[in-house]
2 protein chains.
Amino acid sequence: MLSIGKLSKAAGVKVPTIRFYEQIGLLPEPVRTASDRRTYGEAAIRRLAFIRHARELGFSVEAIRSLLALSDAPEQPCETADALAREQLADVEAKITRLEALRAELRRMLDGDHQGPAGHCRVIEVLGDHSLCLADHRSAAPPK
Amino acid sequence: MLSIGKLSKAAGVKVPTIRFYEQIGLLPEPVRTASDRRTYGEAAIRRLAFIRHARELGFSVEAIRSLLALSDAPEQPCETADALAREQLADVEAKITRLEALRAELRRMLDGDHQGPAGHCRVIEVLGDHSLCLADHRSAAPPK
DNA sequence: CCTAGATGCTCTAGCCACTAGAGGATCAAG
DNA sequence: CTTGATCCTCTAGTGGCTAGAGCATCTAGG
């Protein structure tokens, strides 16, 4: 049986994060010792590693909740998991596209000659120039 | 003189966001009417568009604060603004690299033959398989 | 056996950049 | 004069953790 600290090291997830995952229901409530400390078995390591891997791939907690449910019910069809993965892939691809556009504009911004006659800063100038606007008004938020 | 709603439309920033920017000090406190309504001039449109453009490029609020200060003080050297832009570019590039790796793994996940003998789901399988781990333990957070 | 430091517990608050909603005042058009 | 749009302030919520307070308990060395 593992303490939360051992589990943390075994799965590569910080202790407070494990408690947080328990709180939001990604991990089941573990058995406690007489002095109220959490104890875990091998299954917890696997489950936590699964969660970590999914988080690394950018799946949201809600998506992970579904993936875990599918993982727990082995006779379920693959479709849902596949759909979630495809959705995540589309999301990642959209972010890449967006970031590539940002990269291009940032490069353009930095590529200007740094010896113009006016003492003006190209970076500041570009930001202030409404006509160089990259995105429309609906997507004013940056790609988080 | 513009109401906050007009400014919102002119600059492409939502009304509550304008109030929020004022609260955190990105926008100066505007003159109020007798009935306490905010009124803005042309300068506010420019400043707000500047902020929006910078946000679209992914600059943090803190970075924008610096950029605005530089924009307000035209005789300052460009170096700081350039450094901020380069930092932002590096950030964007790092995110792209990371997302490309995620994309590759998601594609691999979805590329498996969907007719294996066992009824197992490749997506679930890959997530549970510790050996296919993409990232090390230090970077457990997804690229926001 | 004692003690010191590591580890555990719960609870609250903070991060970022907004967004949503309550509950009320005021404005502009018909 | 009424109706609906817009405005005001204030609080709380989002996601996915992270940090800290203040306390209890465990473990290893002496």
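Chain A is the first sequence line, chain B the second, and so forth, proteins listed ahead of strands; every chain is numbered from 1. Note: hydrogens, waters and symmetry copies are ignored here, and every other heavy atom, side chains too, is used.
The distance between atom CD of B/Glu22 and atom P of C/dA17, rounded to the nearest whole Å, is 18 Å. The CD1 atom of A/Ile64 sits 8 Å away from the P atom of D/dC17 (whole-angstrom rounding). Computed from coordinates, the B/Glu56 CD to C/dC18 C1' distance equals 15 Å when rounded to whole Å. For the pair A/Arg52 CZ and D/dG16 P, the interatomic distance rounds to 17 Å; values are reported in whole Å. The CG atom of A/Leu7 sits 14 Å away from the C1' atom of C/dT7 (whole-angstrom rounding). Distance A/Leu2 CG to C/dG8 C1': 15 Å, rounded to the nearest Å. B/Met1 places its CE atom 21 Å from the P atom of D/dT6, with the value rounded to the nearest Å. Distance, A/Ile18 CD1 to C/dC9 C1': 14 Å, rounded to whole Å.
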Once base and sugar-phosphate atoms are separated, protein heavy atoms under 4.0 Å mark nucleotides 10-15 of chain C, 5' to 3', with B, S and - as B-----
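No side-chain heavy atom of B/Val126 sits less than 4.5 Å from a side-chain heavy atom of B/Arg108. When side chains are defined from C-beta on, A/His53 counts as touching A/Glu56, because their heavy atoms get closer than 4.5 Å.
Comparing A/Ala34 and A/Phe20 by the nucleotide of DNA chain D that holds the closest heavy atom to each, the one mapping nearer the 5' end is A/Phe20. Of the two residues contacting DNA chain C, namely A/Tyr40 and B/Val61, the nearest-nucleotide position lying further toward the 5' end is that of A/Tyr40. Along DNA chain C, the nucleotide closest to B/Thr33 and the one closest to B/Tyr21 are compared, and the more 5′ of them pairs with B/Tyr21.
Residues A/Arg32 and A/Thr39 approach most closely at N-OG1, 4.4 Å, considering heavy atoms. Residues A/Val123 and B/Ala85 share a closest heavy-atom pair of CG2-CB, 3.9 Å. Of all non-hydrogen atoms in B/Ala49 and B/Ala11, the two that sit nearest each other are N-CB, 4.3 Å. Contact between A/Leu70 and A/Ala81 at its shortest, heavy atoms only, is CD1-N, 3.5 Å.
The phosphate of D/dC7 (OP1 or OP2) has a side-chain N or O of B/Ser3 nearer than 4.0 angstrom. Put simply, B/Lys14 has no side-chain N or O that comes within less than 4.0 Å of OP1 or OP2 on C/dC18.
Using a 4.0 Å cut-off between charged nitrogen and carboxylate oxygen, A/Lys95 and B/Glu100 do not count as a salt-bridge pair. Salt-bridge annotation for A/Arg107 and B/Glu93: present, with a side-chain N of the basic residue lying under 4.0 Å from a carboxylate O of the acidic one. The pair A/Arg47-A/Asp72 meets the salt-bridge criterion, with a side-chain N (NZ, NE, NH1 or NH2) lying under 4.0 Å from an Asp/Glu carboxylate O.
Closest to the side chain of B/Thr17, from the set C/dG8, C/dT19, D/dC7, is C/dT19.
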Atom pairs and distances, donor-acceptor, side-chain atoms in residues 13-25 of chain B, under 3.5 Å, two or more places apart:
from, atom 1, to, atom 2, distance (Å)
B/Glu22, OE1, B/Arg38, NE, 2.7

What pairs of nitrogen or oxygen atoms, one from the protein and one from nucleotides 23-26 of chain C, lie under 3.5 Å apart?
from, atom 1, to, atom 2, distance (Å)
C/dT26, O3', B/Ser35, OG, 3.4
C/dT26, O2, B/Arg37, NH2, 3.3

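Counting non-hydrogen atoms under 4.0 angstrom, A/Ile24 reaches nothing in the nucleic acid.
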